[in-house]
Protein chains: 2
Amino acid sequence: MIEPAKTPYHHGDLPTALLFSARSMLEQDGVAALKLRAITRHAGVSATAAAPHFGNLTGLLSALAAIGFTELAEVMAPEHAVQPRDVALAYVRFAIANPGLFTLMFRSDAIDRQDPGLRAASGRAFACLAGLAQATPGADRAAMMVGLWGKVHGVATLAIDGMLSGLIPADSPQTIDAFLEQVFR
Amino acid sequence: MIEPAKTPYHHGDLPTALLFSARSMLEQDGVAALKLRAITRHAGVSATAAAPHFGNLTGLLSALAAIGFTELAEVMAPEHAVQPRDVALAYVRFAIANPGLFTLMFRSDAIDRQDPGLRAASGRAFACLAGLAQATPGADRAAMMVGLWGKVHGVATLAIDGMLSGLIPADSPQTIDAFLEQVFR
DNA sequence: CGCCTTATCTTTACGATGTAAAATTTCTCT
DNA sequence: AGAGAAATTTTACATCGTAAAGATAAGGCG
C-alpha cells in the first residue's frame, strides 16, 4: 500500500502524495476519475505540480500501474502461491480486490507500456505466470501459457466489468472463492 | 459492415454516417480517437449535430458497440460455428480482426451498458456462449461457462493489447489460427 | 398551392481538461 | 550569506463535451 511520507523536502513527498491521491480516487470512482487536475486538487497542489516528477498524466498513471504490477507479483510470488491453482486464484482475487487499479494496468491508452519502471514491474508479475506454465508438462508450452494466462485474465476482466453477474455468486468472498476454485479446478 | 446510405432526408443519413466515421477512426487510431468533435468533423457536420440522434457521445459509442456485438453474434452463430472450438475461435478471431471495436465493446466508461439496443445486441452474442456451455456436460455449468468465456475473452484481450508478443506467432493469419487451435484444443 | 408544425442542423457560449512557458518560492551547497 | 538548482505556482492556450438558442428544410394539412 502507498502512504504519503513525512515532509523531507520542499512541500512534502509530492510524488508519493500524488500517487496516494490518485489511487484512492481510482478505487473510489474508477478510471474515469483519474484526471490530472482532480488528482492535484485532491493533493492540495496546483494543477501543474506533477509535471516535474512525472512529466505528464500518462507518466503519473504509468507509475501507479507499476505499483499495481508490483503488488500483483507479490501475491503471486512462490512463497505465497505454491500450487498452480494458487497463482490463478491470486491473480483473480487481486483483480476483484483492486478493480480500478487492475483496469488501469491493462488500459493501454492511459499508460505508457514503454515506461521503464512499468516494464520492470509488469515483467516481474508475468514471470510468475511463465514459471507456472514451465512447471506443468505439456506439448506446446506457449499454447499452454497463453491458455492459462488467458483464462485467468479473462475471468478477472469479466468479473470486474460485472459481466458475470448471475453466473458468479455475489454473496460473500468465501462463496466467490469456492466458486473460483471450481473454475480453476 | 456499415455504409452511409443515400440522402433520403435532410442532410443525408447522418446517424449511419456518424457511425461510419466513428468506426473508421476507431480502427485507424484506436479508442482514444473517438472524440465527438473529431467524429462530427470527419463526417462534415457541426460538433453538435449528433445530439438529436444519439444524445451524447456515450450514446453514439453505445450504438457503435451494439453493432460490434451484432457482428460478433453473427460469426458465433450456429450456422457458422458448429463445434465448441469454432465458437471460441470465432470470438478470438473477431477481436483480432476488429481490435478497436472489441476494446470499445468492453470499455465500460465509454459506453452505457443499460442502453436498450446495446443490451439486446450483447445479449444475443452471449447467448451463443451460454448455449455452448449448456451443450457440454459437466458438474457445475456456471463454473464451466465462466471458465470457457474467461479463457476466450482473456486470450482475445491479451492478444489485442499486444501482451502475447513473443508467445504467439506473429507471422501470418494461418499460423496464428493454427496456434489458437492448439490453445483451444 | 401555402402555411405551420416538427425534426435537423448550426451558431454561440460555458465550464473543464492537459500542458507549455514564465515567474516565484524554497531548498542545498559552498 | 549568496549563488545555483529544484519545486511549485501563475498564466495562457488549444481542445473537449454539451446546453441553449437560432436558422433551415422537410412533411402534413387546410
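All chains are named by letter (A, B, ...) in the order of the sequence lines, taking the proteins before the strands, and each is independently numbered beginning at 1.
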Rounded to the nearest Å, what distance is computed from the [atom1] atom of residue [X] to the [atom2] atom of nucleotide [N]?
{"X": "A:Asp13", "N": "C:dC27", "atom1": "CG", "atom2": "P", "result": "15 Å"}
{"X": "B:Leu60", "N": "C:dC9", "atom1": "CG", "atom2": "P", "result": "13 Å"}
{"X": "A:Phe54", "N": "D:dA7", "atom1": "CZ", "atom2": "P", "result": "12 Å"}

Is any side-chain nitrogen or oxygen of A:His53 closer than 4.0 Å to OP1 or OP2 of D:dT8?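 Yes.
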
Does the distance from a Lys or Arg side-chain N to an Asp or Glu carboxylate O, for A:Arg185 and B:Asp140, drop under 4.0 Å?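 Not counted as a salt bridge, because no side-chain N and carboxylate O are separated by less than 4.0 Å.
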
Contact list for residues 154-178 of chain A, test ring pair (Phe, Tyr, Trp, His ring centres under 6.0 Å), sequence neighbours left out: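 Qualifying pairs, neighbours excluded: none.
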
Does anything in residues 163-185 of chain A pair up under ring pair (Phe, Tyr, Trp, His ring centres under 6.0 Å), and if so which pairs, sequence neighbours excluded?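 Passing the test, one end in residues 163-185 of chain A: no pairs.
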
Using atom types as modelled, flag every donor-acceptor pair under 3.5 Å from a side chain in residues 154-169 of chain B to any protein atom, sequence neighbours excluded.
from: B:Thr157; atom 1: OG1; to: B:His153; atom 2: O; distance (Å): 2.8
from: B:Ser165; atom 1: OG; to: B:Gly162; atom 2: O; distance (Å): 3.2

For A:Phe69, check ring pair (Phe, Tyr, Trp, His ring centres under 6.0 Å) against everything at least two apart and list the hits.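 Ring pair (Phe, Tyr, Trp, His ring centres under 6.0 Å) list for A:Phe69, sorted by chain: A:Phe106, A:Phe126.
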
With 3.5 Å as the limit, what N/O pairs link the protein to nucleotides 16-20 of chain C?
from: C:dT17; atom 1: OP2; to: A:Arg41; atom 2: NH2; distance (Å): 3.0
from: C:dG18; atom 1: OP1; to: A:Leu36; atom 2: N; distance (Å): 2.9
from: C:dG18; atom 1: OP2; to: A:Leu36; atom 2: N; distance (Å): 3.0
from: C:dG18; atom 1: OP2; to: A:Arg37; atom 2: N; distance (Å): 2.9
from: C:dG18; atom 1: N7; to: A:Arg37; atom 2: NH1; distance (Å): 2.3
from: C:dG18; atom 1: O6; to: A:Arg37; atom 2: NH1; distance (Å): 2.8
from: C:dT19; atom 1: OP2; to: A:Leu57; atom 2: N; distance (Å): 2.9
from: C:dT19; atom 1: O4; to: A:Arg37; atom 2: NH1; distance (Å): 3.3

Would you please name every residue forming a salt bridge (Lys or Arg N to Asp or Glu O under 4.0 Å) with B:Arg93, sequence neighbours left out?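 Salt bridge (Lys or Arg N to Asp or Glu O under 4.0 Å) check on B:Arg93 returns B:Asp177.
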
